[in-house]
**Q** 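Let me give you the structure first, and then I'll get to my questions.
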Amino acid sequence: MKCPFCGFADSKVVDSRPTDEGSSIRRRRECLKCLKRFTTYETVERMPLLLIKRDGTRQPYDRQKLLSGVMKACEKRPVPQQRLEQLVDTVEQKLFSSLDYEISSKVIGEMVMEELRSIDEVAYVRFASVYRQFKDINTFMEELNLLIRDK
């Protein structure tokens with residue numbers, strides 16, 4: 001690991017501890033030349049996911065884009081940011097454990113809606129209206145009736 005202060009290519013690990021519920025390791029290092037300390041993080045490298053969109057095109061999966069969509073659905077709702085991060089973590093865990101490296105945006109949308117439904121019903125309906133592209137008020141009412149019926 002290159003020292004960020006002097007650029008020397010060798011350092012020693014002074015301390016290691018798990019972070020983020022064990023998904024990464026935080027390491028305190030000391031440069032063997034200038035003796036300054038710095039922190040590094042080690043995480044598991046995951047295979048990149050490709051998202052298959054409705055029109056058949058493929059693009060790399062983007063966590064930030066998914067989080068942004070969920071945040072828009074929860075705008076002005078009493079849902080903490082940390083809960084939204086957990087929702088995306090849960091969806092990602094399912095995606096990466098499926099061992100499929102190409103996944104349909106439809107599958108991801110359904111996973112998000114399943115999670116949102118238990119967090120905030122208004123956010124769920126907002127997300128569903130964009131995701132399912134409600135064409136008119138009748139489609140919207142059908143979704144609301146399903147939500148009410150399942151309650």
Side-chain angles (χ1 to χ4, degrees), residues 1-134 140 143 146-147 150-151:
M1 183 62 60
K2 213 178 212 184
C3 174
F5 303 105
C6 71
F8 190 65
D10 206 4
S11 62
K12 69 178 181 179
V13 176
V14 179
D15 182 41
S16 289
R17 59 182 69 177
T19 61
D20 299 332
E21 300 170 5
S23 64
S24 65
I25 296 176
R26 176 184 178 269
R27 298 196 192 279
R28 284 295 290 163
R29 295 179 176 270
E30 184 177 289
C31 175
L32 296 177
K33 184 177 179 187
C34 69
L35 302 178
K36 290 189 178 177
R37 291 186 175 191
F38 57 97
T39 302
T40 60
Y41 293 90
E42 181 179 313
T43 59
V44 174
E45 184 176 19
R46 294 180 171 166
M47 292 296 293
L49 275 178
L50 276 181
L51 183 67
I52 304 170
K53 301 196 60 142
R54 285 185 183 143
D55 63 2
T57 60
R58 288 167 167 71
Q59 69 181 44
Y61 165 78
D62 183 357
R63 175 190 172 91
Q64 202 55 44
K65 196 170 179 182
L66 180 59
L67 182 59
S68 174
V70 173
M71 287 171 66
K72 285 177 188 168
C74 294
E75 197 170 295
K76 297 183 181 180
R77 298 296 304 155
V79 181
Q81 177 69 27
Q82 182 180 9
R83 185 63 185 101
L84 301 181
E85 295 276 352
Q86 289 172 343
L87 180 150
V88 174
D89 288 343
T90 301
V91 169
E92 280 187 341
Q93 187 176 21
K94 290 177 185 176
L95 292 174
F96 286 110
S97 66
S98 74
L99 301 178
D100 289 329
Y101 298 111
E102 289 190 357
I103 192 118
S104 165
S105 61
K106 183 177 182 176
V107 171
I108 295 174
E110 293 295 332
M111 287 179 179
V112 169
M113 287 184 2
E114 182 182 318
E115 295 294 321
L116 267 178
R117 188 178 215 159
S118 63
I119 295 172
D120 187 282
E121 291 173 342
V122 172
Y124 164 79
V125 172
R126 284 179 180 170
F127 190 88
S129 71
V130 173
Y131 168 70
R132 291 200 174 134
Q133 297 178 335
F134 291 170
F140 191 79
E143 191 66 36
L146 282 173
L147 189 61
D150 290 346
K151 221 174 177 183

**Q** Could you tell me the separation between the CZ atom of Arg27 and the NZ atom of Lys12, rounded to the nearest 0.5 Å?
**A**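 Arg27 CZ to Lys12 NZ: 15.0 Å, rounded to 0.5 Å.
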
**Q** Please evaluate residues Met111 and Glu92 with respect to the criterion side chain to side chain contact (heavy atoms under 4.5 Å, CB included), reporting the C-alpha separation (whole Å), side-chain torsions for both, the decisive distance (0.1 Å), and the verdict.
**A** CA-CA 10 Å; Met111 287 179 179; Glu92 280 187 341; over 6 Å; no

**Q** In Å and rounded to the nearest 0.5 Å, what is the CG to CD distance from Leu87 to Gln82?
**A**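 Taking CG in Leu87 and CD in Gln82, the distance rounds to 12.5 Å.
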
**Q** Using every non-hydrogen atom in the two residues, find where Ile25 and Ser16 come nearest and quote the distance to one decimal.
**A**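 Scanning both residues completely, I find the closest heavy atoms to be CG2-CB, 4.2 Å.
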
**Q** So how far is it from Leu32 CG to Asp10 CG, rounded to the nearest 0.5 Å?
**A**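 Spacing of CG (Leu32) from CG (Asp10) equals 4.5 Å.
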
**Q** Going by heavy atoms in the side chains, are Gln81 and Leu67 under 4.5 Å from each other?
**A**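 In contact.
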
**Q** Minimum heavy-atom separation for Arg37 to Phe5, with atom names?
**A**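 That closest heavy-atom pairing would be O-CE1, 3.5 Å.
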
**Q** Would you confirm whether Thr90, through its side chain, and Gln86, through its main-chain N or O, come within 3.5 Å as a donor-acceptor pair?
**A**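 Such a contact is found between Thr90 side chain and Gln86 backbone.
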
**Q** Could you report the tightest heavy-atom contact between Ser105 and Arg54, atom names first, then the distance?
**A**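 The answer is OG-N, 3.9 Å.
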
**Q** What's the spacing between Glu102 CD and Ile52 CD1 if we round to 0.5 Å?
**A**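 Spacing of CD (Glu102) from CD1 (Ile52) equals 4.5 Å.
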
**Q** With a 3.5 Å distance limit and no angle check, can you tell me whether Thr57 reaches the backbone of Lys53 through a side-chain donor-acceptor pair?
**A**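 Pair absent, no side-chain N/O of Thr57 close to backbone of Lys53.
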
**Q** Could you state the interatomic distance from CD1 (Ile119) to CD (Glu114), rounded to the nearest 0.5 Å?
**A**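 Going from CD1 on Ile119 over to CD on Glu114, the span is 11.0 Å.
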
**Q** Would you name the heavy atoms of Thr19 and Ser24 that are closest together and state the gap between them?
**A**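 That closest heavy-atom pairing would be OG1-OG, 2.6 Å.
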
**Q** Minimum heavy-atom separation for Cys31 to Phe38, with atom names?
**A**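 Minimum heavy-atom contact is N-CE2, 4.2 Å.
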
**Q** Does a side chain donor of either Arg29 or Thr40 reach within less than 3.5 Å of an acceptor in the other side chain?
**A**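 Distance-only check passes for Arg29 and Thr40.
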
**Q** Between Pro78 and Asp120, is any pair of side-chain heavy atoms under 4.5 Å apart?
**A**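 They are in contact (side-chain heavy atoms under 4.5 Å apart), so the answer is yes.
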
**Q** Arg63 and Asp89: side chain to side chain contact (heavy atoms under 4.5 Å, CB included), yes or no, with the steps?
**A** CA-CA 9 Å; Arg63 175 190 172 91; Asp89 288 343; 2.9 Å; yes

**Q** Should we count CD of Gln59 as having more than 12 external heavy atoms under 6.0 Å?
**A**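 Atom CD in Gln59 is crowded, with more than 12 foreign heavy atoms closer than 6.0 Å.
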
**Q** Heavy-atom distance under 4.5 Å between the side chains of Tyr61 and Leu95, does that happen here?
**A**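 A side-chain contact exists here, since the closest heavy-atom pair is under 4.5 Å.
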
**Q** Any non-hydrogen side-chain atom of Leu116 less than 4.5 Å from a side-chain atom of Cys74?
**A**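 Yes; the side chains approach each other to less than 4.5 Å.
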
**Q** For Arg126, which of Glu121, Lys72, Glu75 qualifies under side chain to side chain contact (heavy atoms under 4.5 Å, CB included)?
**A**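 Of the listed residues Glu121, Lys72, Glu75, the side chain to side chain contact (heavy atoms under 4.5 Å, CB included) partner of Arg126 is Glu75.
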
**Q** Distance check, rounded to the nearest 0.5 Å: Lys106 atom NZ versus Glu110 atom CD?
**A**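 With rounding to 0.5 Å, NZ (Lys106) is 6.5 Å from CD (Glu110).
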
**Q** Just wondering, are more than 12 heavy atoms of other shown residues or ligands nearer than 6.0 Å to CZ in Arg17?
**A**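 Not more than 12 within 6.0 Å, no.
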
